[in-house]
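One structure is given below, encoded as structure tokens.
Only a predicted model underlies this, so the values are computations on that prediction, with no experimental measurement involved.
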Amino acid sequence: MSKLDLRLQVGSTWITAHASARAGLLSRTGTVDARANTVRAATPTGLQDALEAIAADLLAHGVSFRGGRLQVEIGMRDARLGVLRMTSPDQRPVPSALLRTYVEGSVRQMLHLDPGEQVLRWRVLRDPRHVLVSCVDRSSLAALTQFAAAHELRFTSCIPAAMLSVRQGRRLGARTLLWTEGVGGRRDEALQVFRFEHGHPVAAWRGWAPAREPAAASDRELQEALRRFQAVHAPGVADEALHTHWPLPAALAANE
Amino acid sequence: MYIQDPFDIAPHATRHTPVAWGVLLAGAAVAAFAALHFARAWESTAGADEELGAARQALRAQALKASALASEQARAPTDAVRARLELQRILNLSWSGLFDVLEAATKAVDRRVTISSLAPVKLRPAGAEVGVTALAATPDAMLQYLKALQEDRRVQQVQLVSQQLTTFGSAQVLRFQVAILLDRAGAGEAPRPVAVSTEHLEARK
């Protein structure tokens, strides 16, 4: 019996969904392939309401959620990625308890978030002075978990969408990566830039630029943001930044 | 390598990579293999212990048997030595004292009793026991003879063992046997030979 895979992409003002059936042990790939998207209101219950609207839309298409898997990518409105740079006089690894303190402090000071309201994850990178830090809003995660429970879905994946850029950067060596989000041919105002060296992020910047078409070539604000970033974190480097717009092209094409 | 994605915060996110599961399975297989071999080695050791215990018991039983046999064999010479000493003492008995006792008793009955045979029976702690076979002319003579023996200070004990009326030639006589216990003075024992200690025979076991 085939099972359902429900992939959600939770943006700042939108949610897209793609439901597909995956092959079971004794069956071929199923025929369910439904997409839906909805607007997410900027209200405290905006996420829950948008999720239920998505569910109603898919159920209307005959999709059965029961026993399926829920996989979520969370956009920059609910998730943050940052690179913590530490200096240690003797270059020894920082103890884990102390590292947690540093991470929480950086979340508070640099991201201006309350660590208690975030689900924190971090990893010390190859260069032990750099730590990749992820923050996901607890209330957003709770809403998604509640949605999964209500529809008998197994919540098997939930990552900050910008991690897709980090994974991409691991394969590139030294490069600047630009991450933007938006649907319907538009770019959301939030953007993130990473500088990768030897496949690991050494710097990250999260900023804001007025909403524009996603094409980087004609996006002056984007180009300016990149120039400023490169000047600080990759001076003299002439490589062109790699731009990733999320949701990724396959999903974006379906929504258009 | 072993952690799927530390940044995946879903409640049911896969925590470990296939490589991690592979390492776990390989480790479990190695542990199962080691446990199996340990169990086999344990059984083998237990079996060896049993065999060793059985062998030890067999050796112990054999040793006990040999020891019992040795002690029996050691005892035999000891018993033989004792018997030889006893015989030696009996043979060393002085007969003159005995003859004096018997002669005195015979005189007391006016020789109406005749000794037909006598033989040493055994040596007792109190003295020497001698068996006497005699012929009495009359029952009165026999009784007087026995009384005379009893009254002799060299005699500790007199016991009539048997009596029988018998014909001796043309006359009827009373044939009787009596056990006489002579004291050591009466027995007139010769100096005892040097006692052979049997402890060293027992120590050889």
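In this structure, chain B has heavy atoms under 4.5 Å from both the backbone and the side chain of A/T156. A/L70 does not touch chain B: none of its heavy atoms, backbone or side chain, sits under 4.5 Å away.
Ranked by heavy-atom pairs under 4.5 Å with chain B, the list A/V72, A/L141, A/T145, A/L144 is led by A/L141. Among the candidates A/V166, A/L132, A/V119, the residue making the largest number of heavy-atom pairs closer than 4.5 Å to chain B is A/L132. In terms of heavy-atom pairs under 4.5 Å with chain B, the best-connected choice from A/A148, A/A79, A/P160, A/S157 is A/S157.
Enclosure of atom CZ in B/R175 is not indicated, since only 12 or fewer non-hydrogen atoms of other residues, nucleotides or ligands lie within 6.0 angstrom. Within 6.0 Å of the CZ atom in B/R15, the count of heavy atoms belonging to other residues, nucleotides or ligands exceeds 12. Atom CD of A/Q146 is surrounded by 12 or fewer heavy atoms from other residues, nucleotides or ligands within 6.0 Å.
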Could you walk me through whether A/R121 and B/D5 satisfy the salt bridge (Lys or Arg N to Asp or Glu O under 4.0 Å) test, starting with their C-alpha distance in whole Å, then the side-chain angles of each, then the deciding distance to 0.1 Å, before giving a yes or no? CA-CA 10 Å; A/R121 293 286 188 273; B/D5 188 345; over 6 Å; no
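Closest approach of A/F155 and B/A10 over heavy atoms only: O-CB, 3.5 Å.
Side-chain atoms of B/D8 come within 3.5 Å of backbone atoms of A/C158 as a donor-acceptor pair (strictly under, hydrogens ignored).
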